[in-house]
Amino acid sequence: MNIIPDSSAWQKLQQHYNRLSQCSIQELFAEDPQRAEKFRLEFFDLFLDYSKNIITEETMRLLIALAQEAGLPEAIEDMFNGEHINATENRAVLHTALRNRSDQPVFVDGADIMPDIEQVLERMAAFCEKVRGGRWLGHSGKPIRDVVNIGIGGSDLGPKMACEALMAFASPNLRVHFVSNVDGFHLAHTLSRLNPEQTLFIVASKTFTTQETMCNADSARQWLLQAFASKEAVGKHFVAVSTNSEAVAKFGIQSDNMFEFWDWVGGRYSMCSAIGLPIMLQIGPEHFFHMLEGFHEMDQHFRNAPLHKNMPVILALLGVWYNNFFGAQSHAILPYEQALHRFPAHLQQVDMESNGKSVDRQGKPVTWQTGAVIWGEPGTNGQHSFFQLLHQGTKLIPADFIAFCRSQTPMGEHQQKLLANFVAQTEALAFGKSNAEVLAENPGISSSLAAQKTFGGNRPSNSIIADELNPRSLGRLMALYEHKVFTQGQIWNIYSFDQWGVQLGKELADKVLAELRGSRPAGGHDSSTNAIIQHLKQRA
Ligand code: F6P
């Protein structure tokens, strides 16, 4: 059922918006000294302050009613119970089973999938111990020092983000690299620093057909064979992570060296599957399992907490509030933690590939806004770049500020300065600085200059804080956003677990490639595309 825009909850929210949009965050705080107490949630060491939003208790009540009307509680159960909620691909959606650390079975089409998951995790752990312990030897008998993960999208972004985030937990004996782009520079530059005798490649691809990944994997194999001139070397220097065992075997990787996952794991939700192999290699099985536990804790919270105390649900509803009522087009993710510098990039795929849809579950064009543009950079760098627009621009950009009480790398006063900026920014965004304050601070200032220096405030943000960045807190944080995306997809009545929008570009690229190669006559496109292809061929 489309609850937008016909449901009573939606209509009440619209009326409520008409009233509340006349209020400011400043006024809401002035009216209610208990505001910070009312709009906060804690879950383990994760602390969410959402009081600096343009909301009242009534707003949250109405948003929760909307989630109820959208059937969110039932939808959550359907996902955890292995229903085929990825309807357009007729698949279950069970990334939650990958990190199910309870002893409860999880069924897909009547079969418990936990034994298979456990078996792959055990194989991964044994493999990682061998590589990390210097017992996995390359073709010339030397231990592995460098691991290159070749993958793209979900087979790259999540593991890369986690490896960066958890660098403090890395083995000093192993360096993990990521090659994703089909631009030859990416692979060539990475390999230029490596010794083939001590390099191990992970070819990570759910389908094992992705053009970029297969092209990079072929070139990496050539590079290896140039050094060894023996096909046997491939077995010692290549492993695969995939659902497609046939294609893996065809590439020359034996089944012993393949780590399996399953079609009920979406690419962008696959970090806890064997796609996490580079993470486990870097931080070791024990820390990897802590990460899974963090994911699992948040999964349980999402499944069991009442909606009004449910962190992913609250974040999702606030997102709907700004997206659909205030007309906000984007949402900024601002981690005040350099190690999380790839976190916004990973969330871009998780969120935008999931909820960037314009057709509802009945196949009809939506008449409401769906997924926001997700973007962001770590603080404090962003402050010296795009924050001007956040503070004084014409656009409303809700933002999540993420920070950790303790630094992974304590050094002098760095952490206090980082946190001071983290706090100051949300305060400045919400409360601004009035024209009167500017005039009082600057006697004799012209009114036009005072206007330039005035901050309107009333710009919403969430503050998300954990004690420290570690495998467990990273797992909780990631699952928080995954379930936020799920919740929004349910409210917008769109399918969040397919990605048909990436297909057309792939098909056309194959056609154009044939034209660039000369194996297909150029032409047959629009005049712009024809001219560009011609130009590229002439100037190659
Ligand atoms: O192009 C989009 C996509 O299908 C993503 O959803 C996926 O994560 C990525 O490509 C990589 O796919 P694969 O793991 O099959 O190579």
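Just follow the structure's listing: the first ligand is 1, and inside any ligand the first atom is 1.
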Can you figure out which of M214, K206, K506 has its heavy atom closest to atom 10 (O) of ligand 1? K506
Atom 11 (C) of ligand 1 [closest protein heavy-atom partner, distance rounded to 0.1 Å]: I152 O, 3.2 Å
Only one of E297, E293, E482 passes salt bridge (Lys or Arg N to Asp or Glu O under 4.0 Å) with R99; say which it is. E482
Could you tell me whether some N/O pair between S155 and ligand 1 is separated by less than 3.5 angstrom? yes
Among non-hydrogen protein atoms, atom 8 (O) of ligand 1 lies closest to G154 N, 2.8 Å
Just to confirm my output: which protein heavy-atom neighbour is closest to atom 2 (C) of ligand 1, and how far is it? E353 OE2, 3.2 Å
Starting from the C-alpha separation in whole Å, work towards a yes-or-no answer on side-chain hydrogen bond (donor to acceptor under 3.5 Å, both in side chains) for H341 and E164. CA-CA 8 Å; H341 73 112; E164 297 281 333; 3.0 Å; yes
Do the side-chain N and O atoms of T88 and D498 include a donor-acceptor pair separated by under 3.5 angstrom? yes
Can you tell me which portion of T207 lies within the under-4.0 Å heavy-atom range of ligand 1? Options are side chain, backbone, both, or neither. both
Would you list the atom pairs, donor with acceptor, under 3.5 Å between side chains in residues 252-260 and any protein atom, with sequence neighbours excluded?
unit_1 : atom_1 : unit_2 : atom_2 : d
Q254   : OE1    : N257   : ND2    : 3.2
N257   : ND2    : G235   : O      : 2.9

Please examine the side chains of V147 and I202, heavy atoms only from C-beta on, and report whether any two atoms are closer than 4.5 Å. yes
Can you report which non-hydrogen protein atom sits closest to atom 12 (O) of ligand 1, along with the distance? T210 OG1, 3.5 Å
Flag for Y481-D400: side-chain donor and acceptor within less than 3.5 Å: yes
